[in-house]
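By convention in this document, chain letters (A, B, ...) are assigned in the order of the sequence lines, proteins followed by strands, and residues within each chain are numbered from 1. The figures here come from the full heavy-atom set of this structure, side chains too, leaving out hydrogens, waters and symmetry mates.
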Amino acid sequence: MNIDAKLQAWLRSHLTLEDALPTQMPVYVNSMAYFFGTATLSALAVVIGSGMVIAIFGPGWWHVSPVGHFFNSVHFWAVEIFYFGLVLHMLAKFFKAAWRDGRWRTWVIGLVTFAVTIFSGITGTLLQENWDAQWNAVQGKDPMNALGLAWMNTMDPGQLLTLHVALFPLLIVLFAAIHIAFVRSESPVRPIVLGSRRGAR
Amino acid sequence: MSTRSEAYLRGVPMKRYDMIREGLIVLGAVTAVVVLLAVSFGTPDYPTVTGKEVATKQPMLFLQRSLAYFSGQSGLQTYGPPYTKHDQNAQEVFGFISPARWIGVVNPVDARHDLAMDPLERIAVLDPEVAKALAIYTHAPPDQQQRWIKSYSAALRRATDDNGRVVLPQGDYGPVATLMNGMLSLARAGLLEGTLDSSSRLPYDLNNTKSLLFLEGPIENNVARHLNELGNQWGMTNEMGPYPGAWWLWSYAFLYQLPGIASSPNADLIAGLIMATAFLVLIFLPVIPGLNRIPYRIPVYRLIWRDWYRRFEGQP
């Protein structure tokens with residue numbers, strides 16, 4: 001068995017260069033609704049970029065440096081824009097029934113990514129070294145404990161920091177990459193045509 | 001284009017496109033908006049509530065909290081998993097769904113020892129009066145200890161604050177008053193949190209569980225109420241001040257506004273399970289009859305693809 005040949009064949013059938021870097025698109029991809037996903041990804045890039053700068057100087061940096069405060073603000077507002085885009089993206093996909101024609105995996109991995117971002121956001125809130133972090137740590141412990149998630153201790157910044165800057169970003173980027181790979185491999189779902197076999201699925 | 005995409009898009013008119021170019025334009029626009037918001041509004045920030053601050057400004061509140069831990073009467077003493085073995089206090093639904101119980105004691109906390117006796121033993125090294133009081137207390141019979149605690153607790157309710165000095169009515173508190181004053185002094189010196197969190201791994205310690213637990217309860221609830229951050233005030237979805245918080249958790253926060261859930265001792269588990277169920281419904285929505293037809297009944301799709309329908313609807 002030639003692994004390279006197998007991989008080439010798989011890529012030809014699933015994800016060619018034209019899929020990864022498309023130079024043409026179906027004409028029905030013509031709506032602002034298609035920008036929501038791109039806006040979400042762009043906000044994610046800003047979140048990660050500002051997060052990397054903050055990671056270099058540490059979670060207490062923004063309390064002692066105006067530059068640190070700026071990057072913390074960028075991080076904060078990028079998260080707000082990220083969820084704004086994400087919610088619109090999810091609504092658009094829902095109302096397009098975008099899971100049709102075998103796209104359920106894209107739908108599922110998107111939701112799983114969303115779930116991971118929730119935990120990433122919570123851990124970030126708890127690392128602010130201010131009142132909101134303090135209050136949410138003691139308030140958040142009860143639901144986490146009740147749900148059997150006590151291994152993620154909302155009052156242990158050492159653990160939270162590693163989760164927030166390593167594990168959760170890794171999972172989010174990985175899942176988002178898989179999500180996008182599915183989108184590009186399967187091409188944008190066709191418009192709904194009532195009465196047609198394709199549209200009804 | 002991949003063979004599967006070619007098959008799927010056969011017969012569909014195509015247009016020229018540049019994904020990277022579009023992505024860079026959107027990235028530029030989003031970055032500009034974010035930077036504008038960051039420069040204009042900054043970040044919400046409100047300082048932490050410290051033991052020093054509470055002991056200085058609200059000494060009686062601090063002493064009540066210290067006494068609760070010292071007497072073993074705090075709620076934390078019998079919280080249940082993951083802190084203590086009191087399984088009966090773990091949240092449960094239907095009598096058998098109790099993930100906290102299943103997980104067990106993974107972060108053991110003995111409130112009386114960790115939040116009162118242990119700090120007092122450290123204060124005793126520095127303060128001979130506290131050392132003497134601690135020796136008297138620990139060698140006294142349990143019923144005597146309880147009498148001292150009871151009379152001190154009653155006296156604390158009638159105590160007055162004389163410019164930061166707590167004045168107790170006359171009474172027999174044994175060594176308890178000295179011990180509690182020791183806790184007050186420790187906090188006023190700004191050493192409470194460090195003492196509570198220091199462990200055998202010093203100088204390395206990244207875990208603030210005990211110091212965060214100490215001030216939990218009435219002290220922090222007052223601050224949170226002032227900042228509109230209590231659970232029944234939509235909790236975590238509010239950042240302090242005029243800033244948007246985690247508004248995407250509104251559906252979760254909403255559950256805590258429902259009287260039936262908010263008043264339940266199992267509120268966190270009930271709300272969490274409802275959210276987990278809702279997530280599973282979303283995951284399986286494509287195959288749930290009825291729900292997967294909603295997009296067809298509320299035809300927002302006709303707005304999204306209006307250009308396509310105008311040009312191609314009805315064509316074979």
Side-chain angles (χ1 to χ4, degrees), chain A residues 13-16 18-19 21-28 30-31 33 35 38-39 42-43 45-46 70 72-74 76-78 80-81 83 87 94-97 99 104 107-108 111 121 130-132 134-138 142-143 145-148 150-151 153 155-158 185 187 191-192, chain B residues 1-5 8-9 12-17 19-20 23 26-27 30-31 33-35 37-38 42-43 45-49 82 91 99-100 102-103 106-107 206-209 212 216 220 224 229 235-236 239-240 244 246 248 268-269 272 279 282-283 286 295 300-301 304-305 307-308:
Chain A
S13 70
H14 287 82
L15 194 68
T16 64
E18 176 57 31
D19 294 317
L21 300 169
T23 58
Q24 53 180 351
M25 196 62 69
V27 292
Y28 56 76
N30 186 28
S31 163
F35 279 102
T38 315
S42 299
V46 180
F70 169 74
N72 194 73
S73 303
V74 168
F76 173 83
W77 286 106
E80 296 287 332
I81 299 292
Y83 279 106
V87 168
F94 171 75
F95 283 112
K96 286 194 290 186
W99 53 76
W104 61 270
W107 173 262
V108 170
L111 283 169
N130 62 5
W131 160 255
D132 277 327
Q134 184 179 19
W135 173 244
N136 285 313
V138 293
D142 296 321
N145 294 343
L147 289 166
W151 52 269
N153 184 356
M155 295 171 292
D156 183 348
S185 170
S187 63
I192 293 172
Chain B
M1 199 180 295
S2 65
T3 47
R4 56 198 303 202
S5 284
Y8 185 71
L9 295 175
V12 174
M14 303 295 281
K15 62 178 181 179
R16 289 183 63 78
Y17 185 68
M19 188 181 76
I20 298 296
V26 176
L27 176 63
V30 166
T31 305
V33 170
V34 168
V35 169
L37 287 166
T43 313
D45 199 12
Y46 191 84
T48 51
V49 174
Q91 295 193 28
W102 302 336
I103 294 294
V106 292
N107 297 319
L206 298 170
N207 190 341
N208 300 138
T209 299
L212 283 166
E216 184 196 19
E220 293 191 347
E229 290 186 320
M236 196 173 178
E239 200 82 32
M240 50 74 47
W248 47 93
D268 297 310
L269 182 57
F279 183 71
L282 269 180
I283 289 273
V300 176
Y301 68 88
I304 295 171
W305 287 309
D307 184 53
W308 168 269

Partner chain B: residue of [options] with the largest heavy-atom pair count (under 4.5 Å):
options	answer
A:P22, A:A150, A:G158	A:P22
A:L21, A:I81, A:N30	A:N30
A:F95, A:F70, A:Y28, A:Y83	A:Y83
A:K96, A:E18, A:M25, A:H14	A:M25
A:S185, A:A43, A:S42	A:S42

With chain A, which of [options] has the greatest number of heavy-atom pairs at distances under 4.5 Å?
options	result
B:P286, B:A224, B:G272	B:P286
B:V30, B:L269, B:L37, B:L27	B:L37
B:L206, B:T3, B:T43, B:L212	B:T43
B:I283, B:T31, B:V12, B:V35	B:I283
B:Q91, B:M19, B:R16, B:M1	B:M1
B:L282, B:D307, B:V33	B:L282

With a 4.5 angstrom heavy-atom cut-off, could you sort out which part of [X] is near chain B: side chain, backbone, both or neither?
X	result
A:A33	side chain
A:A45	side chain
A:L15	backbone
A:A137	side chain
A:V27	both

Please classify the contact of [X] with chain A as side chain, backbone, both or neither, using a heavy-atom distance under 4.5 Å.
X	result
B:W102	neither
B:N208	both
B:V106	side chain
B:V49	both
B:I20	side chain
B:P47	backbone

For this session: Scan A:N72, A:D132, A:N130 and name whichever one has a side-chain contact (heavy atoms from CB on, under 4.5 Å) with B:D45.
Result: A:N130
For this session: Start with the C-alpha distance between B:T209 and B:N107, add both sets of side-chain angles, then the distance that settles side-chain hydrogen bond (donor to acceptor under 3.5 Å, both in side chains), and finish with yes or no.
Result: CA-CA 9 Å; B:T209 299; B:N107 297 319; over 6 Å; no
